[in-house]
2 protein chains.
Amino acid sequence: MGTGAAVRDNLGMRISARADYAVRAALELAAAGDDTPLKAEAIADAQGIPHKFLEGILGDLRRGGLVVSQRGGKGGYRLARPADSIAIAEVIRVADGPLVSVRGVRPPDLSYIGPAESLLPLWIAVRANVRKILGEVTLADVAAAKLPDDVLHLADDPEAWTNP
Amino acid sequence: MGTGAAVRDNLGMRISARADYAVRAALELAAAGDDTPLKAEAIADAQGIPHKFLEGILGDLRRGGLVVSQRGGKGGYRLARPADSIAIAEVIRVADGPLVSVRGVRPPDLSYIGPAESLLPLWIAVRANVRKILGEVTLADVAAAKLPDDVLHLADDPEAWTNP
DNA sequence: TAGTTTTCCTACCGAATTACTAGGGAAGTA
DNA sequence: TACTTCCCTAGTAATTCGGTAGGAAAACTA
């Protein structure tokens, strides 16, 4: 391949900085426990997240009902529910913007014609699979470094870690 | 609209217009067979894709070795290899870059600390899963509307089609 | 040879999104 | 009151997305 080969960074399945930060912040809260609130800045420092940016994300998590906050002296954030009842999928959904039907086009509304007709079930299958994985893994699982066996098994295929 | 709309689900899983168009164009070529080249404009008409935009995409597919082209009178594009040897994943990667990334970075290049340490194997598992599905389904499968059974079964889950 | 067809290339464009930053106000605590 | 911490609005630089425009280069046709 030539030197001019531009590395296109656009992707099929992309976890945004927002979603990544949101999950990591939630994991810090899960690790801290339900009775010790963490300040936004402490989380930002611990995970290397821009602190003002994180504040906005924590606001989303609060409005999404995943987190509760307390202002003033000994304030901070804590999880609104037990860490083993919050799936990673929930955190991503809440942080990554409007979840219900983006751009007004939901998969069932797409119309494919000709040899592309079977594309829709394929996209649906991929989506279902991603949701299944991220929906079964909880904050408690990740914070305790104990992923479910079926997920671990997927990740330990050596080829899974290679490019591209 | 309709056919050209990008598909984005609530988990950050997004198929760009580029990737969608690329796959559909490749499917037209698969359906046309190996001996009858299709002109860019014919593909664009058949699938409702802006024709100048499609030209650029077909160029990527050619440079990626998936397609061969012929100029002049009876020219056009055809697949460089048999349709049952080209996976959907390949087409998307060539047209749109890596399949999965976090914050624009490929999972193996990420470094997580503290309670977020196990996030990496999780992203890897998700990526492995997407690659498994899109890597096992070929252009021939979709063009013939014959998806592998395990993939079909995934799309059957009624919950897969619902919103949040 | 000229003319036609089709790919191929470079450049540009507006709108949207992403990832932040700035500044201050509101609420709670000591 | 003073201090802390969350909370809210706005701005913004850079990049990406989804296209357009115009024409040069190659192949075929006559």
Side-chain angles (χ1 to χ4, degrees), chain A residues 2 4 6-12 14-22 24-25 29 36-45 47-64 67-78 80 95-98 102-105, chain B residues 1 3-8 12 14-22 24-25 29 36-45 47-64 67-78 80 95-98 101-105:
Chain A
V7 177
R8 194 185 300 287
D9 230 18
N10 176 25
L11 328 125
R14 158 168 230 264
I15 305 289
S16 65
R18 258 189 105 72
D20 186 51
Y21 293 164
R24 282 156 64 192
L29 295 178
T36 48
L38 294 184
K39 297 166 213 165
E41 193 149 26
I43 301 173
D45 283 356
Q47 286 292 326
I49 302 172
H51 138 260
K52 277 302 218 177
F53 191 35
L54 179 61
E55 267 191 9
I57 293 168
L58 287 167
D60 285 342
L61 296 185
R62 178 180 48 82
R63 277 183 290 274
V67 144
V68 290
S69 61
Q70 176 83 2
R71 295 200 243 207
K74 286 194 147 50
Y77 296 87
R78 42 187 227 285
D96 223 3
V102 179
R103 289 190 65 202
V105 189
Chain B
M1 238 198 172
T3 49
V7 185
R8 186 180 204 261
R14 173 173 202 267
I15 307 285
S16 66
R18 247 189 118 72
D20 188 49
Y21 292 164
R24 282 157 61 193
L29 295 178
T36 48
L38 293 185
K39 297 165 211 166
E41 192 149 26
I43 301 173
D45 283 355
Q47 286 292 325
I49 302 172
H51 124 266
K52 276 304 218 176
F53 192 36
L54 179 60
E55 268 190 11
I57 293 167
L58 286 167
D60 285 341
L61 296 184
R62 178 180 49 83
R63 278 182 291 273
V67 144
V68 291
S69 61
Q70 177 82 2
R71 297 200 241 206
K74 286 194 148 50
Y77 297 87
R78 42 187 227 285
D96 219 23
S101 89
V102 181
R103 271 159 40 228
V105 177

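So that the names make sense, note that chain A is the first sequence line, chain B the second, and so on, each numbered from 1. Small disclaimer: the values here were computed from a predicted structure and weren't measured. The basis for the numbers below is simple: all heavy atoms, side chains too, and nothing from hydrogens, waters or symmetry mates.
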Compile the donor-acceptor pairs under 3.5 Å between side chains in residues 50-59 of chain B and protein atoms, sequence neighbours left out, one pair per line.
none

ask   = Who passes side chain to side chain donor-acceptor pair (under 3.5 Å) against A:Ser16, sequence neighbours left out?
value = A:Asp96
Anything under 3.5 Å between a protein N or O and an N or O of nucleotides 10-16 of chain C, put it in a table, one pair a line.
none

request  = Output yes when a side-chain donor or acceptor of B:Arg62 lies under 3.5 Å from a complementary backbone atom of B:Ser69, and no otherwise.
outcome  = no
query = Is any side-chain N or O of B:Tyr77 closer than 4.0 Å to OP1 or OP2 of C:dC8?
reply = yes
query = When the distance from CG of B:Asp60 to C1' of C:dT7 is rounded to whole Å, what number comes out?
reply = 14 Å
key: Below 4.0 Å: OP1/OP2 of D:dC8 and any side-chain N or O of A:Arg63   = yes
query = Just to confirm, is there a sub-4.0 Å distance from OP1 or OP2 of C:dT6 to any side-chain nitrogen or oxygen of B:Ser69?
reply = no
request  = Rounded to the nearest angstrom, tell me the gap between atom CZ in A:Phe53 and atom P in D:dC8.
outcome  = 17 Å
Test side-chain contact (heavy atoms from CB on, under 4.5 Å) applied to B:Ala80 - qualifying residues, sequence neighbours left out = B:Val68
ask   = Between D:dG18 atom P and B:Ile49 atom CD1, what is the distance in whole Å?
value = 13 Å
task = Rounded to the nearest angstrom, tell me the gap between atom NZ in B:Lys39 and atom P in D:dC28.
result = 14 Å
task = With sequence neighbours excluded, tell me which residues meet side chain to side chain donor-acceptor pair (under 3.5 Å) with B:Arg63.
result = B:Asp60
D:dG18 OP1/OP2 closer than 4.0 Å to side-chain N/O of B:Tyr21 = no
ask   = Over how many whole Å does the gap from B:Asp45 atom CG to C:dT6 atom P extend?
value = 12 Å
note = With sugar-phosphate taken as primed atoms, P, OP1 and OP2 and all else as base, the protein-contact string of nucleotides 24-30 of chain C at under 4.0 Å (heavy atoms; B, S, -) is BBBSBS-
